[in-house]
Number of protein chains: 2
Amino acid sequence: MPYDPSAFPPFAVTVDLVVLTVRRHALCALVVRRGEPPYQGRWALPGGFVRIDEDLGAAAARELTEETGLHVQGPDDRHTGAHLEQLATYGDPGRDPRMRVVSVAHLVLAPDLPTPTAGGDADSVRWAPVDTLLPSGQPSGGGPDRSGEQPALLAFDHSRILADGVERARSKIEYSSLATAFCPPEFTVGELRRVYEAVWGVALDPRNFHRKVTGTPGFLVPTGGTTTRQGGRPAQLFRAGGATVLNPPMLRPEV
Amino acid sequence: MPYDPSAFPPFAVTVDLVVLTVRRHALCALVVRRGEPPYQGRWALPGGFVRIDEDLGAAAARELTEETGLHVQGPDDRHTGAHLEQLATYGDPGRDPRMRVVSVAHLVLAPDLPTPTAGGDADSVRWAPVDTLLPSGQPSGGGPDRSGEQPALLAFDHSRILADGVERARSKIEYSSLATAFCPPEFTVGELRRVYEAVWGVALDPRNFHRKVTGTPGFLVPTGGTTTRQGGRPAQLFRAGGATVLNPPMLRPEV
DNA sequence: GGAATAGTGTCTTTCAGACAGTATCCA
DNA sequence: TGGATACTGTCTGAAAGACACTATTCC
């Protein structure tokens with residue numbers, strides 16, 4: 001007997017946010033420190049309850065603004081704000097020790113930002129490189145020793161949510177123009193290449209990369225300006241083109 | 001103040017199922033006729049409430065078995081049962097006129113089956129070609145006139161859920177071996193090609209298709225047997241190989 | 001033999017990857 | 001001048017798409 005809401009079991013519904021950006025050549029995620037039990041003092045993904053008359057995506061956008069001051073890119077105002085999409089839903093019984101909580105995780109891709117101050121409390125929110133938050137993946141990625149940074153896993157099942165979000169970002173920038181969501185409104189080919197290198201954790205050939213992205217129709221639009229750089233030929237500035245799916249795609253190098 | 005479950009808003013959480021199969025060269029979805037208002041008499045996707053101590057995936061598998069008798073493929077028993085994965089979550093306020101219902105949609109890919117009899121009521125469940133359920137997409141796909149088959153849209157927001165599930169299936173068979181989930185345990189290259197043609201709604205070159213799928217490592221494993229066919233050279237029988245991601249992928253032809 | 005399906009080979013084009021070489025800045 | 005980054009061109013191999021051809025069955 002489907003859909004008999006008169007006798008439904010009581011659930012709490014929340015949104016959790018995987019907010020990713022690229023800072024100093026590293027893929028970073030936004031984490032907040034928990035002030036109350038359970039997992040008091042541990043880092044967790046930002047999130048909160050969905051209000052009773054609020055859409056899921058609206059709840060995610062509201063939590064994002066509350067935690068970071070970031071605004072979500074609407075369908076019209078391209079090249080400003082962040083990209084937001086639904087990621088997956090996590091509802092294992094026991095994922096929250098207090099009660100049954102179903103969390104609809106969302107993925108946010110944002111350009112580099114000043115360190116956020118959530119609710120005025122700067123100590124409780126930070127950007128953390130994802131390879132310090134996720135034990136698996138590439139254990140010795142690119143950087144030197146990172147002892148004492150972030151040994152403890154995230155609270156609840158947030159490590160798995162973060163891993164799913166990172167994998168989603170890694171695969172989506174192959175076939176879509178979403179990598180530009182990590183960039184400011186105007187950017188160079190080199191900056192875009194460093195986004196791909198940080199998200200994938202690989203080194204890409206600058207020559208072939210330049211030829212590919214400028215040859216993919218609708219991906220990049222030159223703005224006419226150039227950048228003054230430190231030591232090197234000035235680079236052309238681009239903004240994101242109208243294309244959302246890339247053809248041919250940017251293929252992630254594999255083993 | 002995240003995670004204060006003592007004052008959570010009350011939500012109902014359900015699972016809805018997009019069950020797809022290929023019958024008579026057409027991609028079909030499982031739909032059930034609603035017996036009560038709202039949308040009484042209209043077709044809808046199968047689904048139901050998540051129990052209070054039940055995982056989301058387990059709820060989807062249970063509903064699938066209750067509605068179709070189908071069993072879900074476990075991690076070990078390959079080549080038997082259906083493929084199930086989470087699709088997306090739909091929680092718009094007002095999607096159910098009675099109360100706030102958040103539905104975690106799941107996608108099921110199944111081989112061709114006898115027409116199910118849900119709860120003994122054969123009139124209330126059927127396979128319907130997806131192009132008779134979705135007005136958009138390719139309006140004049142391949143078949144002749146289909147007047148009077150399924151003019152009314154699905155109940156609730158199930159048309160959108162179905163469209164999302166179909167698009168997920170169309171893109172996933174490009175990069176994974178999931179097309180074999182539409183096939184019986186042993187199948188021929190021609191049967192697998194007809195699955196791709198039905199899901200994508202295109203015609204594929206039999207020669208190139210054969211060369212591609214047999215050349216992709218881990219996709220197909222010959223069983224040694226052959227099929228007696230009606231008018232034509234007997235075909236080799238294959239079963240699904242261990243590969244889950246296809247390299248190179250099966251690229252969907254575009255404009 | 002004719003129709004139908006299965007399977008192989010061959011050619012062309014496109015594209016990824018490697019890499020030589022030129023252009024233009026800063027120190 | 002040297003170093004660094006931006007950009008162009010060239011070569012090779014892999015693969016997609018088009019299609020000729022052979023193989024094996026049923027009628």
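A note on names: the letters A, B, ... follow the listed sequences, proteins ahead of strands, and every chain is numbered from 1.
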I need the full list of ring-ring contact (aromatic ring centres under 6.0 Å, His included) pairs touching residues 212-236 of chain A, with sequence neighbours left out, sorted by first then second residue.
none
Residues that Phe209(B) engages under ring pair (Phe, Tyr, Trp, His ring centres under 6.0 Å), provided they are two or more places apart
Tyr196(B)
Figure out the CG/C1' separation between Asn208(A) and dC15(C), and round it to whole Å.
11 Å
Tell me, please, the opening and closing nucleotides of DNA chain D, 5' to 3', among those with an atom under 4.0 angstrom from a non-hydrogen atom of chain B.
dA16(D) to dC26(D)
Integer-rounded Å distance: dA6(C) C1' and Leu192(B) CG:
14 Å
Scan residues 210-217 of chain A against DNA chain C and write down, sorted by residue number, each residue with any heavy atom closer than 4.0 Å; if none is found, say none.
Arg211(A), Lys212(A)
Is a donor on one side and an acceptor on the other found under 3.5 Å between the side chain of Trp200(B) and the backbone of Arg170(B)?
yes
Shortest non-hydrogen contact from Phe187(B) toward Cys183(B)
CD2-CB, 3.6 Å
Which residue pairs pass the salt bridge (charged side-chain N to carboxylate O under 4.0 Å, His left out) test when at least one of the two sits in residues 181-196 of chain A, sequence neighbours left out?
Arg193(A)-Glu197(A)
Sorted by chain and number, sequence neighbours left out, side chain to side chain contact (heavy atoms under 4.5 Å, CB included) with Ala198(B) holds for Val22(B)
Among all residues two or more places apart in sequence or in another chain, which pass the side chain to side chain contact (heavy atoms under 4.5 Å, CB included) test with Pro248(A)?
Lys212(A), Thr216(A)
Could you pull out the protein-nucleic contacts involving nucleotides 21-23 of chain C (nitrogen or oxygen on both sides, under 3.5 Å)?
{"from": "dA23(C)", "atom 1": "O4'", "to": "Arg233(A)", "atom 2": "NH1", "distance (Å)": "3.4"}

Using the side chain to side chain contact (heavy atoms under 4.5 Å, CB included) criterion, which residues pair with Thr226(A)? Sequence neighbours excluded.
Pro234(A)
With a 4.0 Å cut-off, would you call Arg252(B) and Glu167(B) a salt bridge?
yes
Taking only residues two or more places apart in sequence, or in another chain, which ones meet Ala105(B) in a side chain to side chain contact (heavy atoms under 4.5 Å, CB included)?
Leu87(B), Tyr90(B), Ile161(B)
Take the C1' atoms of the five end pairs on each side of the helix from dG1(C)-dC27(D) to dA27(C)-dT1(D), get both axes, and report the angle to 10 degrees.
0°
Exam field: side chain Thr65(A) to backbone Leu70(A), donor-acceptor pair closer than 3.5 Å:
yes
Hey, does the Lys NZ or Arg CZ of Arg24(A) hover above the aromatic six-ring of Trp127(A), less than 6.0 Å from the centre and inside 45° of the axis?
no
Sorted by chain and residue number, the side-chain hydrogen bond (donor to acceptor under 3.5 Å, both in side chains) partners of Lys172(A) (sequence neighbours excluded) come out as Glu85(A)
Result for 5'-nearest mapping on DNA chain C, choosing between Asp205(A) and Pro234(A), is Asp205(A)
